[in-house]
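Everything below concerns the one structure shown next.
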Amino acid sequence: MSRIASVLIPMPLPEAFDYEAPDGMTLAVGDQVAVPLGPRLIRGVVAGVRDGTGGNRPLKAVAERLDEPRLPPGALEFVQWAARYAVDAPGAPLAIALRGARAPKPRPVRVLEPTGRTPGRTTPARAKVLEAAAAGAMTPADLARTAGVSAGVVKGLLDEGCLAERLVAADIGFDPPDLSRKGSELNASQAAAAAALSEMAAAGQFGVALLDGVTGSGKTEVYLEAAAAALAADPQAQVLILLPEIALTQAVIGRVRTRFGAQPGEWHSDVTPPARRRVWEAVASGDCRIVVGARSALFLPFRKLALVVVDEEHDGSFKQEDGFIYHARDLAVARGKIEGAAVILASATPSLETLRNAETGRYRWLRLSARHGIARLPDIELIDLRETPPEHGRWLSPPLVTAMGETWARGEQTLLFLNRRGYAPLVLCKACGGRMTAPDTDSWLVEHRYTGRLVCHLTGFSMPKPAACPHCGAKDSLVSIGPGVERVEEEARFLFPDARVAVFSSDTIFDAREARRLVEAMADGQIDILVATQAAAKGHNFPKLTLVGVVDADLGLRGGDLRAAERTYQLLAQATGRAGRKDRPGRALLQTYAPEHPVMQALKAQDRDAFVEAEMVEREAAGLPPFGRLAAVIASGPDAAQLEAFMQEMARVAPNTPGVEVYGPADAPLSLVRGRRRKRFLVRADRGVDLSAYMAAWRARVRPPGQVRAAIDIDPYSFL
Ligand code: ADP
């Protein structure tokens with residue numbers, strides 16, 4: 001008999017592997033270890049330890065127990081739960097959970113301290129530096145700043161030997177939240193919601209609430225109160241706030257800092273590896289008590305998670321579509337359950353799934369009905385583009401242009417919303433009609449004027465815009481069709497040459513710092529007209545913004561998947577909700593060719609409940625979410641015949657289960673990506689069916705040949 005450790009490895013392997021624990025090595029669940037896998041040593045996490053023998057083959061031994069924080073039991077259980085739910089290998093979510101643990105540690109910092117030697121020449125500046133350094137070692141930059149002198153003075157003292165360098169470990173601590181600070185004075189409906197949520201958050205047990213309030217009603221203020229209650233109830237409690245966009249994380253980090261006087265842990269794709277490591281370790285040790293992050297923050301090793309807030313819970317960006325496929329809102333509820341934590345889902349336009357759970361009483365439902373204070377929701381008007389079209393080659397209709405002019409004359413701001421990056425979504429040859437497409441993907445290339453390139457938004461492929469048509473060779477024949485934000489910006493500059501115009505899209509804003517700068521400039525009134533994709537149209541408060549123009553309100557309705565109407569409603573309600581804050585009334589104008597469409601009518605009437613009810617009726621009749629469940633199989637491969645044979649085989653072996661229907665195989669709408677053909681199955685199931693178990697059983701019956709890959713998407717949001 002020996003001790004056997006079952007070790008999860010952050011790679012796409014179906015299960016944990018057994019290793020022998022060498023004599024003298026004590027291992028516990030959650031320990032990070034190095035184990036041999038083939039010729040390599042690889043990092044893994046102990047998922048179980050037992051006495052036993054290795055069966056007929058001798059087991060390899062654990063090479064080393066790493067001197068690294070242990071993954072807490074809740075985090076490990078969550079990883080395993082998520083894998084089962086998503087029908088994927090546990091190594092896939094484990095790799096996400098270990099991302100911060102594998103990042104390089106913050107490098108030691110160079111600090112200066114006095115040596116005791118007196119400078120040959122004493123000046124007041126030098127005296128100040130020595131005095132500051134005597135109070136505590138500091139980096140050269142901090143020292144210069146504290147003493148109020150130039151870097152040269154510090155360097156002079158260092159060169160003269162009056163200061164000496166020392167390397168110290170980077171500070172990895174987080175300041176504790178100051179719980180004596182008070183939040184804003186809440187109005188009556190905010191106070192009622194805050195009281196209910198605070199009670200839940202402080203209770204130390206699982207429970208889910210929907211915080212449902214129009215844009216600007218104070219949802220953030222309210223959930224920060226619940227966070228304060230959770231932190232105060234237990235000195236070890238931790239709070240996680242999830243947001244769908246990096247730009248929004250910046251805004252909420254600012255509000256957390258104001259509310260608690262401490263910087264929260266920040267977690268998203270733009271955080272540097274050493275900063276990730278710092279957050280990861282501080283979350284594991286319990287030192288970092290508030291994390292603000294994007295969806296993958298859900299996999300952090302919380303020691304004592306008491307509250308998870310999913311802000312803008314309806315947002316499609318919470319769905320991770322590549323690699324490990326998951327929906328962070330759904331997994332947040334699962335993590336809450338595992339940890340015994342409260343979960344708050346906040347939105348002005350909740351998803352139908354969440355509304356259904358609120359209606360049936362599974363979630364508590366707290367509503368904030370009005371904007372805070374004297375701020376009112378904007379008036380929403382539809383512009384029928386069939387009646388008042390823009391001039392030829394333009395995208396802004398006369399009524400919108402007039403409103404922009406009036407807004408500018410009053411010294412107020414306009415947001416033009418168009419959820420399309422780049423300059424033009426399509427480039428074609430006016431001689432032969434040929435479209436510019438990506439070479440190995442069936443997508444159109446999008447023209448970007450800033451970079452002068454044609455870009456595939458799916459794969460990132462790009463090429464310079466050619467001088468001649470690649471199909472017919474005609475010179476200067478390529479024309480740009482349709483608008484993207486860059487083209488609308490061009491038009492706004494042309495119409496208002498003296499206005500300050502800016503663009504906000506993921507092509508123009510590369511990192512969190514730049515996003516924050518632009519959001520601050522807008523909030524500060526330094527921009528007159530902001531042209532933005534959804535990256536800027538959500539969540540922010542811009543006090544001087546009084547006009548929102550939606551350039552193409554119909555955009556999201558085309559293509560029409562199951563959630564097209566819901567998504568369009570949510571996005572446009574968010575975008576129009578930016579208009580009018582504080583004491584300035586706002587106005588939103590939606591350009592549409594289909595003013596009679598139920599989505600447009602609901603937006604105009606600001607009647608969310610009627611819209612939701614109509615959608616619910618349709619979904620229920622079709623057995624679609626939230627009344628039924630969906631899953632998809634997306635298979636791809638370079639060889640069309642091999643892929644087709646595999647799909648036929650899958651269709652043949654699909655388990656026959658009551659309450660489950662399998663549709664397909666069908667060509668995916670995006671039938672070619674990076675040279676790989678794509679095909680799909682769609683599975684619909686009644687609510688009571690364990691769809692993950694069904695998909696796992698199905699997958700176990702087939703093995704994709706050679707280069708075919710098959711991914712399972714539980715609760716798909718993309719049907720491409
Ligand atoms: P939401 O998250 O619902 O969009 P916020 O919490 O961002 O709303 O509130 C909108 C604006 O109103 C913010 O500028 C916020 O500071 C302000 N606000 C909301 N509630 C209060 C309050 N009780 N006292 C003072 N300001 C408030």
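For ligands, and for the atoms within them, numbers begin at 1 and follow the listed sequence.
Few gaps surround CD on Q526; more than 12 heavy atoms of other groups in view lie less than 6.0 Å from it.
Proximity of V239 to L231: side-chain heavy atoms (C-beta onward) are separated by under 4.5 Å at one or more points.
When the heavy-atom distances from atom 4 (O) of ligand 1 to A346, S184, G216 are ranked, the shortest goes to G216.
Judged by the 6.0 Å distance and 45° axis criteria, R329 is not positioned over the aromatic ring of F318.
Annotation for ligand 1: atoms under 4.0 Å from non-hydrogen atoms of G218 are 1 (P), 3 (O), 5 (P), 6 (O), 8 (O), 9 (O), 19 (C). Close contacts between ligand 1 and R255 involve ligand atoms 5 (P), 6 (O), 7 (O), 15 (C), 16 (O) [criterion: under 4.0 Å to a heavy atom]. Set against the non-hydrogen atoms of L186, the atoms of ligand 1 under 4.0 Å away are 23 (N). Atoms of ligand 1 lying under 4.0 Å from at least one heavy atom of E221, given by number and element, are 6 (O), 15 (C), 16 (O), 19 (C), 20 (N), 21 (C). Close contacts between ligand 1 and E185 involve ligand atoms 22 (C), 23 (N), 24 (N) [criterion: under 4.0 Å to a heavy atom].
A distance below 6.0 Å separates the ring centres of F299 and Y326.
One finds a salt bridge joining D528 and R500 here, because a Lys/Arg side-chain nitrogen approaches an Asp/Glu carboxylate oxygen to under 4.0 Å. Salt bridge annotation for D609-R367: present, with a cationic side-chain nitrogen under 4.0 angstrom from a carboxylate oxygen.
Taking distance alone, with nitrogen or oxygen atoms compared against 3.5 Å, T215 stays at or beyond that limit from ligand 1.
Using 4.0 Å as the threshold, V214 has a heavy atom nearer than that to some atom of ligand 1.
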